[in-house]
Amino acid sequence: MSDHTPRTDIQSPKHLAAAGGPGARMNVLSYELGRLRQTLPLLVSRCMAYSAMSRFDDELIAAVKEFYGLELDVATAEAEILEEEDERVRFFPWFLWDWRSGAGGGKDVAMRTIGERYMDEPGHGLHELKLLQALCASYVGFYEALEDASAVGVRLRDLASGEILRVSDEGLAGDVFSGHIVQARLLRIPASDGPCVLVDAIYATLPPEARPAIQVELESLGATDGDPAACLKTYVAEMLHFADHLLETLARPPEADNGDGDPMILSRSRLAGADAATVTRALAAGVEGFSMVEPGLWQYAPLGAPRGFVDARSQRRVVLAANSPTRLEALEAAISGATEVTRPALRSLEEFTSAVQRWAEHGGGDTWLRLDPDVPRAVAEWFTAWVRQWLDMPSPMLGDRTPREAVGHTDGRRRVEALLSRFERLQLGTLAAAADEAVVTLEHVRLELGL
């Protein structure tokens, strides 16, 4: 034996719940299905202990190099991987069921996974052999939910093969809704009362708009032609990294551009004293290209579309505002040309993403922002990305739990509802609701959280 201790706890809480281990919410449809669920985590743990034998040390080192691109000895690999739960759940199923290497054996060994070799060991019961065969044949795929969660599970379509599966798993059914895509390792097991499908591990839950990118990636690998299982088993590591990158991309707020294609930077300048009074009188009398949209607030739309605003509701100053420095300069030039008022020397510029983050957390936002058609559209796009991130972001207001985690508890559910109500009261809610392009609304959030 090597000096590293066999681990028997590689499953995450999600993995255990899905497999029927501690904390699972089981809905046993048959004795056989219940037995398989209970056996799965124990069998995986035994295979893990088998893989910790010293004869597999060279294979562990080679596998770590292939999966992570790192050259580590056994002790370091153990410290870097075995101690990190997320990495254990990602790396070791691949190491056991998918990875094939010439390290530590001859041709017959090189072509067989550790799981296949473990299956040859004596002492397995018939139901254990069923599970081992399913694990060795399994692959990490992308599955689209075809209907909302129900008491008996959820129907999934394998995006690589088109196969439709019924998964009788309450944990999965409570986490996904129609159109969502899960990256998961599913076990297809023949049973006396018909094939059953078990969830071994879920690696990512993706929104419906991720589907085109996933489909392109699968086609580029050739996973939708020939044998999807063989193709996806070959590229498990790449697909796990791809899903991580896709989640990060979808959660990242997009760069906001205005109708001219310029980056949106909220731009303001101010006039005071006699200059402010002169501009206010001129606009009240009528200036070409300007129209009053609210008392004391004028819109600058020389080409029919709003390109800036003049806020003269304060008796002390007039604020010129636009969603880019270029547009602000044009607005200042129009005011100066119509009134001979000197153009302001100082301007304040604020990055759009910083501003919208502030609105989300603290409220606020000037009136003209709602009247500029570019701003609600950009806010809606930002809000969509921000909500995806917020759903899985630990919050001090939720006891450092994520909203998804918090809604599983009565107190947490109340706190999440309070946060959503607060969001609705913020200016952000008004801005997002004004955009027809909004992909995610607070109603979508409530649906996703099961509220």
Side-chain angles (χ1 to χ4, degrees), residues 1-12 14-16 18-19 40-121 124 128 131-141 183-187 198-204 229-244:
M1 291 292 289
S2 66
D3 60 357
H4 67 287
T5 304
R7 297 299 298 260
T8 59
D9 60 343
I10 70 163
Q11 294 87 2
S12 67
K14 163 64 87 176
H15 186 127
L16 286 170
L40 177 57
L42 303 175
L43 187 63
V44 171
S45 294
R46 295 212 311 264
C47 190
M48 272 299 304
Y50 172 76
S51 74
M53 298 173 67
S54 59
R55 60 172 159 156
F56 296 117
D57 283 356
D58 290 343
E59 295 198 50
L60 177 63
I61 292 170
V64 168
K65 181 177 180 180
E66 182 172 328
F67 195 87
Y68 296 103
L70 300 173
E71 293 193 27
L72 305 174
D73 57 30
V74 171
T76 306
E78 182 180 49
E80 294 290 334
I81 301 170
L82 286 173
E83 296 305 320
E84 294 291 333
E85 182 184 6
D86 288 345
E87 292 306 322
R88 291 200 303 272
V89 175
R90 288 162 58 87
F91 172 78
F92 279 106
W94 170 81
F95 180 54
L96 297 179
W97 319 119
D98 305 315
W99 188 69
R100 302 174 189 274
S101 169
K107 284 187 177 180
D108 58 330
V109 173
M111 298 304 295
R112 306 183 72 214
T113 65
I114 290 176
E116 288 167 345
R117 282 173 267 171
Y118 178 65
M119 192 160 50
D120 290 341
E121 295 290 311
H124 302 308
E128 293 175 333
L131 282 170
L132 284 171
Q133 289 167 353
L135 283 163
C136 290
S138 68
Y139 56 91
V140 177
Q183 185 186 37
R185 185 183 293 272
L186 303 183
L187 309 185
L198 295 184
V199 179
D200 178 60
I202 295 174
Y203 297 98
C231 182
L232 288 170
K233 284 181 80 67
T234 300
Y235 294 104
V236 170
E238 288 83 355
M239 288 295 95
L240 290 173
H241 297 320
F242 164 72
D244 287 345

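This structure is a prediction, so every number in the text was calculated from the model and none was measured. Residue numbers count from 1 along this sequence.
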Visitor: List the atom of K233, the atom of C136, and the distance in Å for their closest heavy-atom pair.
Guide: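 Heavy atoms of K233 and C136 come nearest at NZ-O, 3.0 Å.
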Visitor: Find the distance between OG (S51) and CD1 (I114) and round it off to the nearest 0.5 Å.
Guide: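 Rounded to the nearest 0.5 Å, the OG-CD1 separation comes out at 5.5 Å.
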Visitor: Return the CG to OG distance between L40 and S45, rounded to the nearest 0.5 Å.
Guide: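 Between L40 CG and S45 OG, I get 9.0 Å after rounding to 0.5 Å.
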Visitor: Of the non-hydrogen atoms in Y203 and R90, which two are nearest, and what is the gap between them?
Guide: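 Taking Y203 first and R90 second, the nearest heavy atoms are CE2-CA, 3.9 Å.
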Visitor: So do R112 and M119 actually touch side chain to side chain, heavy atoms under 4.5 Å?
Guide: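 They are not in side-chain contact.
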Visitor: Taking the ring of F67 and the ring of H241, is the distance between their centroids below 6.0 Å?
Guide: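 Yes, ring centres under 6.0 Å apart.
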Visitor: List the atom of D98, the atom of S138, and the distance in Å for their closest heavy-atom pair.
Guide: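 The answer is OD1-O, 3.6 Å.
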Visitor: Ignoring hydrogens, what is the shortest heavy-atom contact between T234 and E238? Give both atom names and the distance.
Guide: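 Taking T234 first and E238 second, the nearest heavy atoms are O-OE1, 4.1 Å.
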Visitor: Begin from the C-alpha positions of L186 and D200 and carry the test side chain to side chain contact (heavy atoms under 4.5 Å, CB included) through to its verdict.
Guide: CA-CA 6 Å; L186 303 183; D200 178 60; over 6 Å; no
Visitor: Would you call the rings of W94 and W99 parallel, tilted or perpendicular if under 30° counts as parallel and over 60° as perpendicular?
Guide: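 The rings of W94 and W99 sit tilted, inter-plane angle from 30° to 60°.
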Visitor: Looking at L131 and L198, what are the two nearest heavy atoms and their distance?
Guide: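 Where L131 meets L198 most closely, the heavy atoms are CD2-CD1, 4.0 Å.
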Visitor: Any donor-acceptor pair under 3.5 Å linking the side chain of Q183 with the backbone of M239?
Guide: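 Flag set: sc Q183 to bb M239 pair under 3.5 Å.
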Visitor: Can you confirm whether F91 sits close enough to L240 that some side-chain heavy atom of one is under 4.5 Å from a side-chain heavy atom of the other?
Guide: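 Contact flag for F91/L240 side chains = no.
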Visitor: Closest heavy-atom contact between W97 and G115?
Guide: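 Answer, listing the atom of W97 first, then G115: CZ3-CA, 3.6 Å.
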Visitor: Does atom CZ (F56) have a neighbourhood of more than 12 heavy atoms from anything else shown, all under 6.0 Å?
Guide: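 Check passes, neighbour count above 12.
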Visitor: For E128, what residues pass the side chain to side chain contact (heavy atoms under 4.5 Å, CB included) criterion, not counting sequence neighbours?
Guide: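 Residues passing side chain to side chain contact (heavy atoms under 4.5 Å, CB included) with E128: T39, L43, R46, H124.
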Visitor: Roughly how far apart are F95 CZ and E66 CD, rounded to 0.5 Å?
Guide: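 Taking CZ in F95 and CD in E66, the distance rounds to 11.0 Å.
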